Amino acid sequence: MRQPKYQVIVKFMLLCLLLAAYFGYLTYEYDLLTGGIAALVTWSFFVLCTPVADAGFLLDLPLRLLFGIRMVLSEIVVWIIAILINVIAMIYFREFYQTTLLTRFMEAIIMTPYPYWAVVLLSGTGTFLSIRFGDELMDVVHHKDRDFYHNHHFKHEMILFVFFLTVLFGYYELISSLGISLENG
């Protein structure tokens with residue numbers, strides 16, 4: 001059991017290093033306060049505006065593997081923190097939303113409730129569905145009645161999977177209307 005926990009810790013540390021490097025870059029480009037706020041708002045963008053548990057996964061999976069805390073509980077805390085970051089940034093540091101492309105998109109989403117708050121709702125739906133899958137997978141791996149579970153929950157899981165794909169499609173359509181493109185051009 002030591003090897004998987006060690007790997008989780010190493011991956012967690014590498015992700016933290018990546019976040020620290022991004023913060024360092026923004027601090028170098030602007031200043032300590034601006035870089036810190038922009039890094040936090042960027043992190044909150046990945047939490048609130050992507051339909052899978054990515055930025056929250058920095059905490060969710062390690063906490064589940066190391067301490068047994070259900071990922072859905074830690075993800076709720078992550079979402080609360082991300083929302084609070086944006087509330088505070090909007091009130092006190094609104095100008096820092098103009099520092100990066102992602103922070104500008106975050107401001108556009110926050111300031112345009114219709115239709116862009118649907119991005120947050122779809123992202124929340126997708127994130128918590130993916131976390132649910134992750135928690136169930138962890139439960140099944142450690143559960144002695146795995147065969148019974150697999151034989152009787154397939155239809156339920158297929159319905160959730162189709163719903164998840166529908167969420168992803170709706171998310172893509174909304175993000176496209178914001179003008180976010182990953183293509184070079």
Side-chain angles (χ1 to χ4, degrees), residues 5-67 69 71-128 130-131 134 168 171-172 174-185:
K5 285 187 180 183
Y6 175 75
Q7 290 174 349
V8 168
I9 291 171
V10 168
K11 289 177 184 177
F12 177 73
M13 296 306 289
L14 289 173
L15 288 170
C16 287
L17 184 62
L18 179 66
L19 186 60
Y22 182 67
F23 166 72
Y25 166 75
L26 290 174
T27 298
Y28 175 77
E29 285 293 314
Y30 301 102
D31 58 47
L32 184 64
L33 181 62
T34 306
I37 300 294
L40 288 171
V41 170
T42 301
W43 175 80
S44 75
F45 175 86
F46 285 109
V47 171
L48 300 173
C49 298
T50 56
V52 291
D54 44 16
F57 233 59
L58 277 170
L59 297 173
D60 300 335
L61 188 60
L63 289 174
R64 174 67 192 247
L65 291 175
L66 297 173
F67 305 110
I69 298 171
M71 291 189 287
V72 71
L73 295 176
S74 58
E75 189 65 22
I76 289 169
V77 172
V78 165
W79 271 67
I80 290 169
I81 292 169
I83 290 168
L84 287 174
I85 286 168
N86 282 284
V87 167
I88 292 167
M90 272 294 178
I91 293 170
Y92 298 107
F93 307 105
R94 175 101 184 254
E95 66 276 8
F96 297 159
Y97 280 93
Q98 298 305 311
T99 54
T100 70
L101 180 65
L102 290 179
T103 56
R104 286 192 298 273
F105 284 136
M106 190 71 207
E107 182 182 35
I109 289 168
I110 291 169
M111 297 309 296
T112 313
Y114 181 80
Y116 298 126
W117 283 12
V119 169
V120 177
L121 293 175
L122 289 170
S123 296
T125 303
T127 294
F128 284 96
S130 68
I131 287 292
L168 287 177
Y171 172 83
Y172 174 78
L174 274 170
I175 287 295
S176 295
S177 71
L178 256 179
I180 298 174
S181 175
L182 298 177
E183 300 168 3
N184 294 332

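Because only heavy atoms are used, hydrogens play no part in the values below, and waters and symmetry mates are left out as well, while side chains stay in. This structure is a prediction, so every number in the text was calculated from the model and none was measured.
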Closest heavy-atom contact between [X] and [Y]?
| X | Y | value |
| --- | --- | --- |
| Val47 | Thr127 | O-OG1, 4.4 Å |
| Gly35 | Leu26 | CA-CB, 3.6 Å |
| Asn86 | Ser44 | ND2-OG, 2.7 Å |

Measure the CD-OG1 distance between Gln98 and Thr100 for me, rounded to the nearest 0.5 Å.
9.5 Å
Value rounded to 0.5 Å, distance of CE in Met71 from CD1 in Ile76:
13.0 Å
Below 4.5 Å, heavy atoms only, C-beta onward: do [X] and [Y] meet side chain to side chain?
| X | Y | answer |
| --- | --- | --- |
| Thr99 | Tyr30 | yes |
| Phe45 | Thr103 | no |
| Tyr116 | Met111 | no |
| Tyr92 | Ile37 | no |
| Ile110 | Met106 | yes |

Can you find a side-chain donor-acceptor pair between Tyr22 and Thr42 that sits under 3.5 Å?
yes
Name of the residue among Ile80, Val87, Ile81 meeting side chain to side chain contact (heavy atoms under 4.5 Å, CB included) with Ile83:
Val87
Check Leu40, Thr34, Val41 against Phe96 for a side chain to side chain contact (heavy atoms under 4.5 Å, CB included) and give me the one that passes.
Thr34
Give the intermediate values and the outcome of side-chain contact (heavy atoms from CB on, under 4.5 Å) for residues Leu32 and Phe23.
CA-CA 9 Å; Leu32 184 64; Phe23 166 72; 3.5 Å; yes
